[in-house]
Protein chains: 2
Amino acid sequence: MNLTNAWTILKDNGYKETSKRNQILELFSNDERYLTARDLLDVMQKDYPSMSYDTVYRNLATFVSLGILEETELSGERHFRMQCESDHHHHHFICMDCGKIKEIPVCPMDMLGAALPAYEIANHKFEIYGKCPECK
Amino acid sequence: MNLTNAWTILKDNGYKETSKRNQILELFSNDERYLTARDLLDVMQKDYPSMSYDTVYRNLATFVSLGILEETELSGERHFRMQCESDHHHHHFICMDCGKIKEIPVCPMDMLGAALPAYEIANHKFEIYGKCPECK
DNA sequence: TTTCTAATAATAATGATTACGATTTACCTT
DNA sequence: AAGGTAAATCGTAATCATTATTATTAGAAA
C-alpha cells in the first residue's frame with residue numbers, strides 16, 4: 001500500500017483530503033514498523049502542535065476499516081502499520097527490539113483443512129515474536 | 001491444571017495459602033472460559049465484599065508467572081483461564097459467543113521449520129476465533 | 001464566494017490496570 | 001499457645017490508553 005493507493009481508496013469512499021490525514025499516511029509510508037497512537041502524535045506535534053488524540057484515533061479507525069492500515073495488539077497497546085502489498089494472505093514475524101516485520105508466506109489455516117468441521121471460523125491470528133538478524 | 005497442582009506450585013515457590021487466592025483458583029477450576037479481572041471481582045465480591053482490584057491483578061500476575069493460568073488478549077482486555085492439562089504444546093479455538101475453547105492439536109511452528117534461519121524466535125501466538133457448534 | 005458538512009481541537013470522561021500507605025493475616029519460631 | 005515478621009490484602013488514588021462531547025475550522029461543491 002502506498003500514498004496514492006490510500007488516497008484513491010479514501011476519495012472513492014467520500015473522505016476528504018486533509019493535511020492531517022496526509023501526514024499520518026506519510027508517516028506510515030516511511031516506516032515499516034508498527035506504531036502506536038502515541039508514536040504518531042509525538043512525531044506529528046512537531047509539525048502540527050494542535051494535533052489531538054481524537055484526530056489520530058479517528059483516522060486510524062477509518063484507515064483500518066478501509067484496509068489501508070493493519071492493526072495488532074502488542075503488550076496491551078494497539079499498533080498500526082501500512083497494509084502489506086502482498087497479494088496473498090500472509091502473517092508476520094515481529095522483531096521485539098527494532099519493531100521491523102518480516103512476512104511469513106505460510107498460513108496455518110491451510111494445514112487445518114477440515115479439522116474443525118462443526119465450527120464457524122470468523123478469523124484467526126498468527127504472529128511470531130523474537131529478534132531479527134540485525135538485532136540478534 | 002487443578003486446584004491441588006496449583007497449590008503445590010504455589011507452596012513450592014513460597015507463596016502463602018490465603019482464602020482469596022483459593023477462591024480465585026476455585027473460580028478458574030469451575031470455568032472453562034477465559035475470564036477478565038472484572039469477571040472475577042464481580043463474582044468474588046459476593047463472598048468477599050472487600051476484595052480489591054489490587055488483589056485480583058496481583059494474584060493473576062503471580063499465577064501466570066508460575067504457569068498456573070494462561071493469558072490472552074481479547075478485544076483490548078486481558079483474559080485468563082486455567083492452564084490446559086495437555087502434556088503437549090497446542091493452540092486454541094475460542095468461541096466469540098459463549099467463550100468456550102477447543103484445543104487445536106496442531107502448531108504452525110512445526111511446519112515452519114527452517115523458514116526463518118537467521119531469526120531468533122522467542123514465542124508465537126496462534127488463535128482461531130468464531131462460533132462453536134452450540135452457538136452456531 | 002457562499003454554503004454545507006466532514007473534520008478537527010480542546011478537553012473531559014471512561015475503563016482497565018497499576019501504585020501506595022495502612023492494616024491484616026499466614027505461618028514460622030519460641 | 002503466643003509473638004514476631006514478612007507477605008498479603010484493603011481502600012483509594014493515580015496512570016495510561018482510548019473514547020466521547022462540543023465548539024470551531026476547513027474541504028469541496030454550487
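The sequence lines fix the lettering, A, B, ..., with proteins before strands; numbering per chain opens at 1. Keep in mind it's a predicted model, so treat the numbers as computed, not measured.
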*Could you state the CG-P distance from B:L10 to C:dC27, rounded to the nearest angstrom?*
11 Å
_Whole angstrom value for the distance that separates C1' of C:dT8 from CG of A:N59_ = 9 Å
*asked:* Please report the distance, rounded to the nearest Å, between CZ in B:R78 and C1' in D:dA17.
replied: 14 Å
*Tell me whether the centres of the aromatic rings in A:H124 and B:H91 are closer together than 6.0 Å.*
no
*When you get a sec, tell me which of C:dT8, D:dT9, C:dA16 is the closest nucleotide to the side chain of B:K20?*
D:dT9
*asked:* Within the 4.0 Å heavy-atom criterion, would you say A:D54 contacts the bases, only the backbone, or no part of the nucleic acid?
replied: base
*Determine the contact category for A:R58: base if any of its heavy atoms lies under 4.0 Å from a base atom, sugar-phosphate if only primed atoms, P, OP1 or OP2 are that close, otherwise nothing.*
base
*Should A:S52 be listed as having a side-chain N or O under 4.0 Å from OP1 or OP2 of C:dT8?*
no
*asked:* Checking side-chain polar atoms at under 3.5 Å, does B:N5 have a donor or acceptor matched by the opposite partner on B:T8?
replied: no
*Could you tell me whether the side chains of A:Y15 and A:R21 share a donor-acceptor contact shorter than 3.5 Å?*
no
*Taking for each residue the nucleotide of DNA chain C bearing the nearest heavy atom, is the 5' side occupied by B:Y15 or by A:G14?*
A:G14
*d(NZ, B:K11; P, D:dA7) in whole Å*: 16 Å
*asked:* Looking only at the side chains, is there a donor atom on one of A:E17 and A:N22 sitting less than 3.5 Å from an acceptor on the other?
replied: no
*Whole Å only: how far is the CE atom of B:M44 from the C1' atom of D:dC10?*
14 Å
*Using atom CD of B:E17 as one end and atom C1' of D:dT9 as the other, report the distance to the nearest whole Å.*
16 Å
_Quiz item: B:K16 side-chain donor-acceptor pair to C:dT25 base, under 3.5 Å_ = no
*asked:* What is the distance, to the nearest angstrom, from the CZ atom on B:R21 to the P atom on C:dC27?
replied: 10 Å
*Does the side chain of B:T55 pick up a donor-acceptor pair with the side chain of B:R58 at under 3.5 Å?*
yes
_Whichever of A:Y57 and B:M51 has its nearest DNA chain D nucleotide further upstream toward 5'_ = B:M51
*Expressed in angstrom and rounded to an integer, what is the separation of A:F63 atom CZ from C:dA7 atom P?*
10 Å
*Answer yes or no: does a side-chain N or O of A:R38 lie under 4.0 Å from OP1 or OP2 of D:dC16?*
no
*What nucleic acid atoms does B:T18 come within less than 4.0 Å of, heavy atoms only: base, sugar-phosphate, or nothing?*
sugar-phosphate
*Which part of the nucleic acid, if any, lies within contact of B:S50, taking any heavy atom under 4.0 Å across all strands shown: a base, the sugar-phosphate backbone alone, or nothing?*
sugar-phosphate
